[in-house]
Engineer: 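Below is the structure I would like to discuss, written out as structure tokens.
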Amino acid sequence: TFTSKGGKEFTITFIKHGTLMLNIGEYTIHIDPLTQYADYATLPKADLILITHTHHDHFDKKALAATEKNETVIIGNEVAVKELDKGVALKNGLTHQLTDWLKVDAVPAYNNSPGKENYHPQGRDNGYVIDIDGTLVYIAGDTEDIPEMDHLKNVEIAIIPVNQPYTMSIEQAVRAARLIRPRILYPYHYGNSKVENIKEELKETSIEVRIRQMQ
């Protein structure tokens with residue numbers, strides 16, 4: 001649980017793998033919801049759903065239906081919105097303002113290691129920077145440590161994937177953390193990766209690494 005710069009209390013719930021929930025007062029954001037990871041009948045309905053991309057472990061129409069209500073806003077990459085035939089498609093670099101205290105920026109998420117480019121091609125998928133009343137939360141989606149991470153400024157909380165071969169190695173996650181420079185770093189989507197090693201590698205920095213059970 002955190003308090004934004006504008007004084008709003010919000011909670012990040014780590015569900016499993018790449019699935020998250022944010023609650024800002026009565027406002028609920030579901031990120032890549034999957035029915036295999038949560039009983040959405042027991043969770044608040046979504047005011048906002050963010051979809052990073054359409055791989056089966058991030059995109060679940062049954063979960064989307066379970067979390068939706070009439071006024072739910074769905075934001076996704078172009079492929080997801082086309083497949084759903086609804087929602088707001090954000091290309092990398094675009095912004096959507098939800099309220100006077102909440103906006104979402106779509107940022108690049110892709111593989112750039114030789115031989116891995118087809119896992120998540122450049123320009124197709126999204127990460128998201130969520131601006132909650134002045135506090136920036138970065139949800140990286142499926143990505144490696146890409147140069148665009150150095151363009152992210154004033155990120156308070158970064159949530160980055162650490163699993164091989166599809167996203168980042170421990171070494172890449174450490175490099176990503178040094179590019180993003182968040183105050184708090186959470187590894188997610190980490191499989192069998194020894195994410196405790198990220199904490200060790202960054203212990204001399206000002207970045208606080210927090211480990212949450214995501215498996």
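Numbering starts at 1 and runs along the sequence shown. Side chains are part of it too, since the values below use all heavy atoms of this structure and drop only hydrogens, waters and symmetry mates.
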Engineer: With a 4.5 Å limit on heavy-atom distance, are the side chains of F14 and L20 in contact?
Structural biologist: yes

Engineer: Got a donor-acceptor contact below 3.5 angstrom from the Y188 side chain to the G141 backbone?
Structural biologist: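 Between the backbone of G141 and the side chain of Y188 there is a qualifying donor-acceptor contact (under 3.5 Å).
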
Engineer: Which of these passes side chain to side chain contact (heavy atoms under 4.5 Å, CB included) with I75: L98, L94, I49, I29?
Structural biologist: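 Of all the options given, the one that passes is L98.
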
Engineer: Looking at D47 and E26, what are the two nearest heavy atoms and their distance?
Structural biologist: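 Minimum heavy-atom contact is OD2-O, 3.6 Å.
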
Engineer: Could you check if a side-chain atom of D57 sits within less than 4.5 angstrom of a side-chain atom of H189, using non-hydrogen atoms only?
Structural biologist: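 In short, these two side chains touch, coming nearer than 4.5 Å.
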
Engineer: Could you walk me through whether L22 and I132 satisfy the side chain to side chain contact (heavy atoms under 4.5 Å, CB included) test, starting with their C-alpha distance in whole Å, then the side-chain angles of each, then the deciding distance to 0.1 Å, before giving a yes or no?
Structural biologist: CA-CA 10 Å; L22 275 66; I132 303 171; 4.0 Å; yes

Engineer: Testing the basics here: between Y110 and P147, what is the closest heavy-atom pair and its distance to 0.1 Å?
Structural biologist: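 Smallest heavy-atom distance, with atoms named: OH-CD, 3.8 Å.
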
Engineer: Tell me the closest heavy-atom pair linking A173 and I198, and the distance in Å.
Structural biologist: CB-CD1, 3.8 Å

Engineer: Of all the heavy-atom pairs spanning A38 and I15, show the shortest one and how long it is.
Structural biologist: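 Between these two residues, the closest heavy atoms are CB-CG2, 3.9 Å.
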
Engineer: Kindly determine whether K203 and E200 satisfy salt bridge (Lys or Arg N to Asp or Glu O under 4.0 Å), including the steps that lead there.
Structural biologist: CA-CA 5 Å; K203 66 181 181 181; E200 178 66 21; 2.7 Å; yes

Engineer: Do K91 and E78 come within less than 4.5 Å of each other through their side chains, counting heavy atoms only?
Structural biologist: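 Yes, side chains in contact.
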
Engineer: Quick check for you: to the nearest 0.5 Å, what is the distance between M168 atom CE and I170 atom CD1?
Structural biologist: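 Going from the CE atom of M168 to the CD1 atom of I170 covers 10.0 Å.
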
Engineer: Mind listing the closest non-hydrogen atom pair of Q164 and S193 along with its distance?
Structural biologist: N-OG, 4.4 Å

Engineer: Here's a test for you: under side chain to side chain contact (heavy atoms under 4.5 Å, CB included), which of L152, N154, V155 qualifies with P182?
Structural biologist: V155

Engineer: Are I160 and I211 grouped together when hydrophobic residues (ILVMFWY) are joined by side-chain heavy atoms under 4.5 angstrom apart?
Structural biologist: yes

Engineer: Taking NZ in K194 as the centre, count heavy atoms belonging to other residues, nucleotides or ligands within less than 6.0 Å. Is the count above 12?
Structural biologist: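 Open: at most 12 neighbouring heavy atoms sit under 6.0 Å from NZ of K194.
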
Engineer: Counting only N and O atoms by type, is there a donor-acceptor contact under 3.5 Å from the side chain of R181 to the main-chain atoms of L179?
Structural biologist: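 It does hold such a pair.
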
Engineer: For the residue pair M149 and A176, what are the closest heavy atoms and their distance?
Structural biologist: SD-CB, 3.6 Å

Engineer: Rounded to the nearest 0.5 Å, what separates atom CZ in F59 from atom CG in L34?
Structural biologist: 10.5 Å

Engineer: Angle between ring planes, Y37 versus H17, binned at 30° and 60°: parallel, tilted or perpendicular?
Structural biologist: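 Rings of Y37 and H17: tilted, 30 to 60°.
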
Engineer: Hey, are the side chains of I12 and I159 touching, using non-hydrogen atoms and a 4.5 Å cut-off?
Structural biologist: yes

Engineer: Would you find a donor on one side and an acceptor on the other, under 3.5 Å apart, between the side chain of T72 and the backbone of A46?
Structural biologist: yes

Engineer: Quiz question: by atom type and distance under 3.5 Å, do the side chains of D32 and T19 form a donor-acceptor pair?
Structural biologist: no

Engineer: Whether the side chain of T28 engages the backbone of P44 through a donor-acceptor N/O pair (distance < 3.5 Å, no angle test) should be reported.
Structural biologist: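 Checking the backbone N and O of P44 against the side chain of T28, no donor-acceptor pair under 3.5 Å is found.
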
Engineer: Ignoring hydrogens and geometry, is there a side-chain-to-backbone donor-acceptor pair from K45 to A66 under 3.5 Å?
Structural biologist: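 Answer holds: yes.
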
Engineer: Is the closest side-chain donor-acceptor distance between H53 and D142 under 3.5 Å?
Structural biologist: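 Per modelled atom types, H53 and D142 side chains form a pair under 3.5 Å.
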
Engineer: Check the pair H30 / Y40 against side chain to side chain contact (heavy atoms under 4.5 Å, CB included), numbers first and verdict last.
Structural biologist: CA-CA 10 Å; H30 285 291; Y40 286 99; 3.7 Å; yes

Engineer: Would H55 and Y166 count as a close aromatic pair, with their ring centres under 6.0 Å?
Structural biologist: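 For H55 and Y166, the ring centres are not under 6.0 Å apart.
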
Engineer: Have a look at N126 and tell me which of T52, T143, N92 forms a side-chain hydrogen bond (donor to acceptor under 3.5 Å, both in side chains) with it.
Structural biologist: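 Option passing the side-chain hydrogen bond (donor to acceptor under 3.5 Å, both in side chains) with N126: N92.
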
Engineer: Does the Y128 side chain pair with the main chain of I51, one donor and one acceptor, at a distance under 3.5 Å?
Structural biologist: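 A pair under 3.5 Å: yes.
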
Engineer: To the nearest 0.5 Å, what is the distance between CZ (R210) and CD1 (I157)?
Structural biologist: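 R210 CZ to I157 CD1: 7.5 Å, rounded to 0.5 Å.
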
Engineer: In this structure, is the centre-to-centre distance between the rings of H58 and H120 below 6.0 Å?
Structural biologist: no

Engineer: Assess the residue pair T99 and I24 against the criterion (side chain to side chain contact (heavy atoms under 4.5 Å, CB included)); give the C-alpha distance rounded to whole Å, side-chain angles, the decisive distance to 0.1 Å, and a yes or no.
Structural biologist: CA-CA 12 Å; T99 72; I24 311 154; over 6 Å; no

Engineer: Evaluate the criterion side chain to side chain contact (heavy atoms under 4.5 Å, CB included) for residue pair L48 and Y27; output intermediate values, then yes/no.
Structural biologist: CA-CA 8 Å; L48 172 65; Y27 193 99; 3.6 Å; yes

Engineer: Could you tell me whether a side-chain N or O of N77 sits under 3.5 Å from a main-chain N or O of R124, the two making a donor and an acceptor?
Structural biologist: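 Such a contact is found between N77 side chain and R124 backbone.
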
Engineer: Under a 4.5 Å side-chain heavy-atom rule over Ile, Leu, Val, Met, Phe, Trp and Tyr, are I146 and Y119 clustered together?
Structural biologist: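 Unlinked, I146 and Y119 end up in two clusters.
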
Engineer: Drop me the distance from I207's CD1 to I184's CD1, to the nearest 0.5 angstrom.
Structural biologist: 11.0 Å

Engineer: With rounding to the nearest 0.5 Å, note down the distance linking CG in D105 to CD in Q97.
Structural biologist: 9.0 Å

Engineer: I'd like to know if the side chain of T54 pairs up with that of E83 as donor and acceptor (distance under 3.5 Å, no hydrogens or angles considered).
Structural biologist: no

Engineer: Sub-3.5 Å donor-acceptor pair from the side chain of D60 to the main-chain atoms of K62, do we have one?
Structural biologist: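 It does hold such a pair.
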
Engineer: Under the criterion side chain to side chain contact (heavy atoms under 4.5 Å, CB included), which of I139, V107, V104 is the partner of V129?
Structural biologist: V107

Engineer: Do V73 and L102 belong together in a cluster built from hydrophobic side chains that touch within less than 4.5 Å?
Structural biologist: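 Yes, it is one cluster - the side chains of V73 and L102 are joined through contacts under 4.5 Å.
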
Engineer: Within a strict 4.5 Å, meaning less than it, do heavy atoms of the V81 and I74 side chains meet?
Structural biologist: no

Engineer: Answer with yes or no whether the hydrophobic clustering places V79 together with L50; edges join I, L, V, M, F, W, Y residues whose side-chain heavy atoms lie under 4.5 Å apart.
Structural biologist: no

Engineer: Is a side-chain donor or acceptor of E144 paired with a backbone partner of N112 at a separation under 3.5 angstrom?
Structural biologist: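 Yes; at least one donor-acceptor contact below 3.5 Å.
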
Engineer: Which value, rounded to the nearest 0.5 Å, describes the distance between M21 atom CE and T11 atom OG1?
Structural biologist: 8.5 Å

Engineer: Is a side-chain N or O of T135 found less than 3.5 angstrom from the main chain of K5, in a donor-acceptor match?
Structural biologist: yes

Engineer: Would L64 end up clustered with V88 when hydrophobic side chains under 4.5 Å apart are linked, directly or stepwise?
Structural biologist: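 No; tracing contacts between hydrophobic side chains, which count when under 4.5 Å, never links both residues.
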
